[in-house]
Amino acid sequence: MNNFVFQSPTLIRFGEGEIANLAQHIPPQAKVLLTYGGGSIFQNGVYDQVKAALVGHQVGEFGDIEPNPRYPTLMKAVELIRNEGYDYLLAVGGGSVLDGTKFIAAAVCFEGTDPWQILSQDAPVKAALPLASVLTLPATGSETNGAAVVTRGEDKLSFYSDLVKPQFAVLDPTTTYSLPPRQVANGIVDAFVHVMEQYLTTGGAPVQDRFAEGVMLTLIEEGPKALAQPTSYEARANLMWAATMALNGILGVGVPQDWSTHALGHELTARFGLDHGRTLAVVLPALLRVRKDAKGAKLLQFAERVFAITEGDNEARIEAGIAAMEAFFRSLEMGTRLRDYDLDETVVDGLVGALERKGMTALGEDGGVSLEVSRAVFNAAL
Ligand code: NZQ
Ligand code: ZN
């Protein structure tokens with residue numbers, strides 16, 4: 001196991017009714033900016049609950065943060081904060097609202113010429129406004145981690161800073177009852193792939209491995225229940241907690257991580273607007289088939305421990321594990337091929353060219369995902 005430093009400072013309030021208790025975690029004198037997306041929080045009652053909880057605070061609002069949050073939108077919030085002097089951000093919504101709010105928090109305090117440099121040039125985040133989250137879509141893990149993904153034009157880029165980890169996260173499973181099935185499925189797959197990107201590297205970390213396998217098995221068992229019974233509190237609660245644990249950071253400590261599926265997936269979202277979770281369901285099975293030699297030992301473990309595949313030679317068991325994962329994604333009404341989204345071989349050159357432009361020429365924990373390998377993955381995903 002590699003050396004590591006791990007701190008998860010986010011206080012979690014989990015369970016029905018917990019939104020009512022959030023104000024005690026925000027300094028009383030804070031001037032709070034409530035950030036949200038396209039309006040789901042008005043329809044499902046979450047906005048009213050948050051406003052009621054914040055009755056003792058000075059509160060302003062910034063809405064219309066779009067899915068896959070865009071830089072120009074977020075910069076409007078930066079301007080509002082500078083003009084009106086907010087000093088605490090409360091993000092209410094899915095990963096896009098949370099990520100967008102993290103960028104806003106860092107951008108307000110950025111001292112260089114253009115905060116986009118945080119994403120495009122890895123400019124260091126030296127300060128950020130304090131922020132917290134009320135999550136309404138279990139998927140990204142953004143509610144307790146320091147990552148954020150922002151889009152500008154056709155560039156969808158991420159940054160990471162401990163300074164934008166939410167101070168607290170409210171996870172009330174009942175806020176997810178209003179999710180459309182498509183978003184629930186997106187979240188199940190996103191969380192599953194987060195686990196895989198931390199798990200499918202070298203071995204030597206059995207605690208992390210078994211935590212990871214536990215989260216994957218939970219997603220396989222509870223995800224379909226959450227889809228079939230939208231108001232099953234137990235299923236929604238287990239899905240929400242699994243998604244948080246999938247990318248809180250604990251699964252990836254001390255082990256190499258492989259975020260190549262996400263990198264390739266971001267290109268599909270940036271160019272064709274596919275939902276984040278859907279891009280991962282397309283890329284991961286193809287990537288594992290192309291990289292099965294490099295990842296053979298771990299794929300065998302995955303097949304046996306997650307899908308109980310013990311028959312056949314190594315080659316057959318590896319393929320059976322990947323096929324079982326793909327079948328799980330498809331059982332959630334999730335396309336796993338580019339053709340499911342009317343994309344064919346004519347898109348591959350553009351996707352590979354975009355990776356090249358961004359210098360993404362040696363992805364994965366071992367740098368093994370070269371442009372040629374990425375091309376092979378997109379072709380295998382047709
Ligand atoms: O905008 P509103 O009206 O709120 O509607 C949203 C949006 O249309 C809706 N929604 C959210 N909660 C709802 C709801 N509708 C009904 N009831 C509710 N309770 O769902 C739609 C999608 O929301 P979005 O926030 O975009 O989805 P998700 O949580 O999947 O976030 C995706 C974004 O997170 C990034 C992705 O790249 C993408 O930009 N990621 C962030 C990560 C991180 N910070 O660690 C890691 C992930 O790998 C991912 O890359
Ligand atoms: Zn993801």
Side-chain angles (χ1 to χ4, degrees), residues 10 19 34-47 49 62-71 73-74 91-103 119 131 133-152 155-161 164-166 169 171-198 226 230-231 236 239-240 243-244 246-249 252 257 259-270 273-281 283-284:
T10 306
I19 291 174
L34 182 64
T35 55
Y36 53 86
S40 68
I41 65 164
F42 295 107
Q43 277 141 32
N44 59 16
V46 171
Y47 173 84
Q49 291 182 58
F62 182 83
D64 288 331
I65 297 177
E66 56 278 86
N68 308 302
R70 302 195 80 88
Y71 171 81
T73 305
L74 305 175
V92 184
S96 293
V97 172
L98 273 53
D99 282 13
T101 304
K102 291 174 179 177
F103 177 73
L119 295 127
L131 66 106
S133 60
V134 177
L135 183 71
T136 64
L137 198 175
T140 62
S142 189
E143 61 276 13
T144 68
N145 71 32
V149 191
V150 178
T151 301
R152 185 180 196 180
D155 287 340
K156 185 172 186 197
L157 301 176
S158 62
F159 78 99
Y160 179 93
S161 168
V164 297
K165 283 185 175 173
L171 310 180
D172 177 343
T174 66
T175 66
T176 74
Y177 290 174
S178 57
L179 280 167
R182 171 177 134 185
Q183 297 299 346
V184 178
N186 284 348
I188 296 166
V189 171
D190 193 20
F192 193 93
V193 178
H194 293 158
V195 180
M196 288 290 266
E197 302 246 65
Q198 297 163 91
T231 56
R236 294 286 168 144
L239 175 58
M240 199 165 210
T244 297
L247 200 48
N248 158 272
Q257 302 185 20
W259 290 96
S260 54
T261 296
H262 270 68
L264 270 55
H266 286 340
E267 291 308 323
L268 289 170
T269 301
L274 268 61
D275 292 351
H276 174 64
R278 274 152 216 270
T279 69
L280 307 174
V283 174
L284 184 62

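Whatever order the structure lists them in is the order used to number ligands and atoms, beginning at 1.
- Of the heavy atoms in Thr140, both backbone and side-chain atoms come closer than 4.0 Å to ligand 1.
- Distance remark: protein heavy atom present below 4.0 angstrom from atom 16 (C) of ligand 1.
- Scanning Lys102, Glu66, Gln43, His194 for the heavy atom closest to atom 48 (O) of ligand 1 points to His194.
- Within the set Gln183, Arg70, Arg182, the minimum heavy-atom distance to atom 21 (C) of ligand 1 is found for Gln183.
- When Ser40, Ser178, Ser96 are checked for heavy-atom proximity to atom 4 (O) of ligand 1, Ser40 turns out nearest.
- No part of Leu98 comes within 4.0 Å of ligand 1, judged by heavy-atom distances.
- Under the side-chain contact (heavy atoms from CB on, under 4.5 Å) rule, Pro138 has a single partner from Ile188, Val184, Thr244, Leu179, which is Leu179.
- Only the side chain of Asp190 comes within contact range of ligand 1, with a heavy atom under 4.0 Å; no backbone atom does.
- Under 4.0 Å from ligand 1, the heavy atoms of Asn145 that appear belong solely to its side chain.
- At a 3.5 angstrom cut-off on N or O pairs, Ala139 does not count as close to ligand 1.
- Distance screen at 4.0 Å: atom 38 (C) of ligand 1 has a protein heavy-atom neighbour inside the cut-off.
- Among Thr101, Thr175, Leu34, the one residue that satisfies the side-chain contact (heavy atoms from CB on, under 4.5 Å) test with Val92 is Leu34.
- At a heavy-atom distance under 4.0 Å, only side-chain atoms of Asn44, from C-beta outward, approach ligand 1.
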